[in-house]
Participant: 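First the structure, which I've put down as structure tokens, then a few questions once you've had a look.
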Amino acid sequence: MLTTVTTHAQVEDTKAIAHCHHVALDGSCLPRLSDFTDEVANWLLDYVTPRRHLMAASSSNQQEARLKNERLRRQAIDTFKRYGMSGEQGEMLLFVLAESLLKLPQLLCKMDLKTDREMHFHGLDGVHCGPGGAPDELAIYWCESKVHKDLDRALSEALEGLKPFLLSAGTGDSDKRRELALLEHYMDLADPELQKLILDSINPHSAAFNRVSWRGICLVGFDYEYPRKPNQVRHGEFTAKVKTAFPQWCQMAKSRATNRGIESFEIHIFYVPFGFCDDFRSAMKKSLGLLA
């Protein structure tokens with residue numbers, strides 16, 4: 001339900017890698033926002049529920065598995081903030097992009113750690129992992145999602161959120177230490193051997209810790225003018241318009257990353273222009289069953 005504008009574009013004079021996708025248009029060239037958020041919502045259990053619980057449910061007989069998954073789905077929905085503003089919708093989309101497009105697994109289900117659905121979880125918006133540049137090197141991806149009306153604000157806040165985690169040496173400040181402690185206690189990969197290797201790598205007392213490659217992923221969602229009437233533009237024309245603006249967005253990324261001193265880090269930046277960010281949030285809540 002997304003149309004790819006471009007992927008893996010190198011941001012000049014940085015190690016940042018930019019991607020851009022817009023909401024797909026239907027045959028009448030109207031944005032399929034609800035279809036898109038429905039598809040994101042299909043990842044609900046993968047995002048919220050620890051893998052060990054999903055595996056336990058799938059190991060039951062067919063009827064028990066169906067009932068267990070339905071219970072898990074209801075529990076997962078109940079973790080989302082129902083009232084007021086929330087960044088949870090963007091955080092879930094970031095997870096989907098990291099898992100489906102970058103093939104980088106989530107290390108920690110933060111939503112599962114919430115004790116009050118109306119309170120947002122603290123710290124980073126996600127932590128994913130992947131192979132580093134060498135056979136024995138692990139890459140940890142700190143994740144930040146920002147969805148705002150203004151692109152520059154969303155991009156700047158996302159990079160600012162990553163900055164202390166990328167620039168701090170070793171275990172860094174209290175925020176980074178807290179994230180590492182959460183990984184140590186609640187990491188969930190459903191692969192004991194792989195999980196042990198990763199836990200050994202992020203143990204600050206092990207030699208492997210010195211070989212971890214710290215990286216980032218950002219979701220940058222922002223308001224963008226979509227067709228409001230049927231057949232106003234053609235599919236190719238709209239995508240071409242977004243693609244024409246993309247180099248300017250990359251230049252902005254270069255400037256904002258350089259100003260923060262994080263231009264030497266590999267950071268995947270997903271640009272997702274929405275019609276209106278508030279419409280995206282509302283559509284996500286409906287797709288998750290939080291609104292009628």
Participant: Is the shortest distance from a Lys or Arg side-chain nitrogen in Asp150 or Arg153 to a carboxylate oxygen in the other one below 4.0 Å?
Facilitator: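 Not counted as a salt bridge, because no side-chain N and carboxylate O are separated by less than 4.0 Å.
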Participant: Would you give the length of the straight line joining atom CG of Asp46 to atom OG1 of Thr49, rounded to the nearest 0.5 angstrom?
Facilitator: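 The distance works out to 8.0 Å.
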Participant: Taking Ala134's backbone N and O only, do any of them form a donor-acceptor pair with Arg211's side chain (distance below 3.5 Å, no angle check)?
Facilitator: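 Checking the backbone N and O of Ala134 against the side chain of Arg211, no donor-acceptor pair under 3.5 Å is found.
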Participant: So His21 and Thr7, side-chain contact (heavy atoms from CB on, under 4.5 Å) or not? Walk me through it.
Facilitator: CA-CA 8 Å; His21 307 269; Thr7 64; 3.8 Å; yes
Participant: Could you go through Lys285 and Glu88, starting from their C-alpha distance and side-chain angles, then the distance that decides it, and tell me whether this counts as salt bridge (Lys or Arg N to Asp or Glu O under 4.0 Å)?
Facilitator: CA-CA 10 Å; Lys285 284 188 173 184; Glu88 291 173 347; over 6 Å; no
Participant: Taking the six-membered ring for Trp, are His22 and Phe238 parallel (under 30°), tilted (30 to 60°) or perpendicular (over 60°)?
Facilitator: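 Perpendicular.
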Participant: So, Ser287 versus Asp38: side-chain donor-acceptor pair below 3.5 Å or not?
Facilitator: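 On atom types as modelled, these side chains qualify, holding a pair under 3.5 Å.
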Participant: So, using side-chain contact (heavy atoms from CB on, under 4.5 Å) as the criterion, who are the partners of His205 when residues are at least two apart?
Facilitator: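 Scan of His205 (side-chain contact (heavy atoms from CB on, under 4.5 Å), adjacent residues dropped) gives Asn203.
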Participant: Does the side chain of His19 come within less than 4.5 Å of Leu101's, by heavy atoms?
Facilitator: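 Counting from C-beta outward, Leu101 and His19 never come under 4.5 Å.
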Participant: Within a strict 4.5 Å, meaning less than it, do heavy atoms of the Met92 and Leu44 side chains meet?
Facilitator: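 Met92 reaches Leu44 side chain to side chain.
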Participant: Check Val220 against Phe222 and note the closest heavy-atom contact, atom names and distance.
Facilitator: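 Heavy-atom minimum between the residues: O-CD2, 3.5 Å.
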Participant: Can you name the residues that form a side-chain contact (heavy atoms from CB on, under 4.5 Å) with Cys143, not counting sequence neighbours?
Facilitator: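 In terms of side-chain contact (heavy atoms from CB on, under 4.5 Å), with neighbours along the sequence ignored, Cys143 is linked to Leu94, His128, Ile217.
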Participant: Would you say that Thr3 contacts Leu25 through its side chain, given a criterion of any heavy-atom pair below 4.5 Å between the two side chains?
Facilitator: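 No, side chains not in contact.
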Participant: Return the minimal non-hydrogen interatomic distance between Val11 and Cys250, and the atom names on each side.
Facilitator: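 Reported closest heavy-atom pair: CG1-O, 3.4 Å.
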Participant: Classify the ring geometry of Tyr226 against Tyr224: parallel below 30°, tilted from 30° to 60°, perpendicular beyond 60°.
Facilitator: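 Perpendicular.
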Participant: Could you measure the distance from the CD atom of Glu263 to the OG atom of Ser255? Nearest 0.5 Å is fine.
Facilitator: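 Interatomic distance, Glu263 CD to Ser255 OG, rounded to 0.5 Å: 11.0 Å.
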Participant: Which heavy atom of Glu12 sits nearest a heavy atom of Gln251, and at what distance?
Facilitator: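 Closest approach of Glu12 to Gln251: OE1-NE2, 3.2 Å.
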Participant: Do any pairs count as a ring pair (Phe, Tyr, Trp, His ring centres under 6.0 Å) and have a residue in residues 146-201, sequence neighbours left out, and if so which ones?
Facilitator: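 Pairs touching residues 146-201 that pass the test: Trp142-Phe165.
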Participant: Count the heavy atoms of every other residue, nucleotide or ligand shown that sit under 6.0 Å from CZ of Arg234, and state whether that count exceeds 12.
Facilitator: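 Not more than 12 within 6.0 Å, no.
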Participant: Got a donor-acceptor contact below 3.5 angstrom from the Lys110 side chain to the Leu124 backbone?
Facilitator: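 Yes.
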Participant: Aromatic rings Phe270 and His268: how do their planes relate, parallel, tilted or perpendicular, breaks at 30° and 60°?
Facilitator: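 The arrangement is parallel - the two ring planes meet at less than 30°.
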Participant: Between Phe80 and Val48, is any pair of side-chain heavy atoms under 4.5 Å apart?
Facilitator: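 Heavy-atom side-chain distance check passes, below 4.5 Å.
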Participant: Salt-bridged, Glu99 to Arg51, with N to O below 4.0 Å?
Facilitator: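 Salt bridge flag = yes for Arg51 with Glu99.
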Participant: Whether the side chain of Glu157 engages the backbone of Lys146 through a donor-acceptor N/O pair (distance < 3.5 Å, no angle test) should be reported.
Facilitator: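 Between the backbone of Lys146 and the side chain of Glu157 there is no qualifying donor-acceptor contact (under 3.5 Å).
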Participant: Scan for side-chain hydrogen bond (donor to acceptor under 3.5 Å, both in side chains) pairs involving residues 165-177, sequence neighbours excluded, and state none if there are none.
Facilitator: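 Found none.
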Participant: Just by modelled atom types, is the Met187 backbone N or O under 3.5 Å from a matching donor or acceptor in the Gln195 side chain?
Facilitator: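 Pair found, side chain donor or acceptor close to backbone of Met187.
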Participant: Would you call Asp200 and Lys196 a salt bridge, taking side-chain N to carboxylate O under 4.0 Å as the test?
Facilitator: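 Between Lys196 and Asp200 there is a salt bridge, with a charged N closer than 4.0 Å to a carboxylate O.
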Participant: Taking all non-hydrogen atoms of both residues into account, name the closest pair between Val233 and Pro227 and its distance.
Facilitator: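 Result for this residue pair: CG2-CG, 3.6 Å.
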Participant: Between Gln10 and Ala16, is there a donor-acceptor pair closer than 3.5 Å when you use the side chain of the first and the backbone of the second?
Facilitator: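 Judged by distance alone, yes, a pair lies under 3.5 Å.
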Participant: If the condition is salt bridge (charged side-chain N to carboxylate O under 4.0 Å, His left out), which residues does Asp152 pass it with, not counting sequence neighbours?
Facilitator: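 Only Arg256 meet the salt bridge (charged side-chain N to carboxylate O under 4.0 Å, His left out) criterion with Asp152.
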Participant: Evaluate the salt bridge (Lys or Arg N to Asp or Glu O under 4.0 Å) criterion for residues Lys149 and Asp278: first the C-alpha distance (whole Å), next the side-chain angles of each, then the deciding distance (0.1 Å), finally the verdict.
Facilitator: CA-CA 8 Å; Lys149 293 180 181 294; Asp278 288 343; 3.8 Å; yes
Participant: Using atom types as modelled and distance alone, determine if a side-chain donor or acceptor of Arg32 lies under 3.5 Å from a backbone N or O of Asp26.
Facilitator: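 The answer is no, because no donor-acceptor pair under 3.5 Å joins these two groups.
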Participant: Working note: Trp249 + Leu155, criterion side-chain contact (heavy atoms from CB on, under 4.5 Å); need CA distance, chi angles, decisive distance, verdict.
Facilitator: CA-CA 9 Å; Trp249 302 343; Leu155 175 63; over 6 Å; no
Participant: What distance do Leu159 atom CG and Cys218 atom SG have between them, rounded to the nearest 0.5 Å?
Facilitator: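 The CG atom of Leu159 sits 4.5 Å away from the SG atom of Cys218.
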Participant: Rounded at 0.5 Å granularity, tell me how far CZ in Arg73 sits from CG in Leu288.
Facilitator: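 Answer rounded to 0.5 Å: 10.0 Å.
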Participant: Indicate yes or no: does Glu70 engage Arg74 in a salt bridge with an N to O separation below 4.0 Å.
Facilitator: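 Counted as a salt bridge, because a side-chain N and a carboxylate O are separated by less than 4.0 Å.
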Participant: For Gly90 versus Leu219, what's the shortest heavy-atom pair and its separation?
Facilitator: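 Heavy atoms of Gly90 and Leu219 come nearest at O-CD2, 3.1 Å.
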Participant: Identify whether the distance between the nearest side-chain nitrogen and carboxylate oxygen of Glu160 and Arg260 falls below 4.0 Å.
Facilitator: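 Result for this pair is yes, salt bridge flagged.
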Participant: Count the heavy atoms of every other residue, nucleotide or ligand shown that sit under 6.0 Å from CZ of Arg178, and state whether that count exceeds 12.
Facilitator: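 No - once you tally the heavy atoms of other residues, nucleotides and ligands closer than 6.0 Å, there are 12 at most.
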Participant: Nearest 0.5 Å, please: how far is CG in Asp78 from CD in Gln75?
Facilitator: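 Spacing of CD (Gln75) from CG (Asp78) equals 8.0 Å.
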Participant: Just to verify, what does Phe280 make a ring pair (Phe, Tyr, Trp, His ring centres under 6.0 Å) with, not counting sequence neighbours?
Facilitator: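 Ring pair (Phe, Tyr, Trp, His ring centres under 6.0 Å) check on Phe280 returns Phe274.
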Participant: With heavy-atom distances below 4.5 Å as the criterion, would you say the side chains of Ile267 and Leu166 are in contact?
Facilitator: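 When only atoms from C-beta onward are counted, Leu166 and Ile267 do touch, with a gap below 4.5 Å.
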